[in-house]
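Report on the following structure.
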Amino acid sequence: MHPFISLPLFIGNLRGWEWLIILLAILLLFGGKKIPELMKGIGKGVHSFRQGMEEAKKEINKIDDDGGKPSSDSKK
């Protein structure tokens, strides 16, 4: 079994005190000042990922609307 497949099951089985230990470990590793910067970076990453997904959906819908023909701006 691939280790990434069982990851959501592992996260779902964590209880309150286990989350507390994980949060304390993160606090010790990164420090109080680095955590907001870390969260900001994660937020920017999630935002750019969602933006990329929306662009991909628009491109797929444009190709579907054209009947599978490539658009004129993709020709050289």
Side-chain angles (χ1 to χ4, degrees):
M1 179 182 252
H2 200 278
F4 293 117
I5 293 174
S6 63
L7 183 64
L9 297 174
F10 172 75
I11 291 174
N13 290 333
L14 293 178
R15 305 286 185 244
W17 64 273
E18 293 165 336
W19 280 110
L20 182 64
I21 292 173
I22 291 171
L23 291 174
L24 286 174
I26 290 171
L27 182 63
L28 288 173
L29 288 173
F30 294 106
K33 293 182 181 179
K34 290 287 184 180
I35 291 177
E37 294 174 19
L38 180 67
M39 293 299 127
K40 185 177 179 181
I42 290 172
K44 284 183 179 181
V46 169
H47 177 72
S48 66
F49 176 76
R50 287 182 179 168
Q51 192 175 22
M53 291 296 293
E54 287 298 319
E55 290 175 8
K57 286 179 186 177
K58 288 179 185 177
E59 187 68 28
I60 290 170
N61 289 337
K62 185 175 18 170
I63 291 173
D64 286 344
D65 291 342
D66 292 342
K69 299 175 186 174
S71 60
S72 61
D73 55 334
S74 66
K75 295 179 183 177
K76 291 186 178 181

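Just so it is clear, the structure is predicted and the values come from calculations on it, not from any experiment. Along the sequence shown, residues are numbered consecutively beginning with 1. Below, all heavy atoms of this structure are taken into account, side chains as well, without hydrogens, waters or symmetry copies.
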| message | In the structure I gave you, are the side-chain heavy atoms of Leu27 and Leu23 within less than 4.5 Å of one another anywhere? | response |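 The answer is no, as the side chains (C-beta and beyond) never meet within the 4.5 Å cut-off.
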| field | hydrophobic_cluster_shared for Leu20 and Phe30, side chain cutoff 4.5 Å | value |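 No, Phe30 and Leu20 fall in different hydrophobic clusters.
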| query | Would you call Lys58 and Glu55 a salt bridge, taking side-chain N to carboxylate O under 4.0 Å as the test? | reply | no
| Salt bridge flag under 4.0 Å for residues Lys40 and Glu37 |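 The answer is no: the pair does not qualify as a salt bridge.
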| task | Could you check Leu28, Ile22, Leu29 and say which one makes a side chain to side chain contact (heavy atoms under 4.5 Å, CB included) with Ile26? | result | Ile22
| request: Rounded to the nearest 0.5 Å, what's the gap from CG on Asn61 to NZ on Lys57? Could you check? | output: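 Output value for this atom pair is 9.0 Å.
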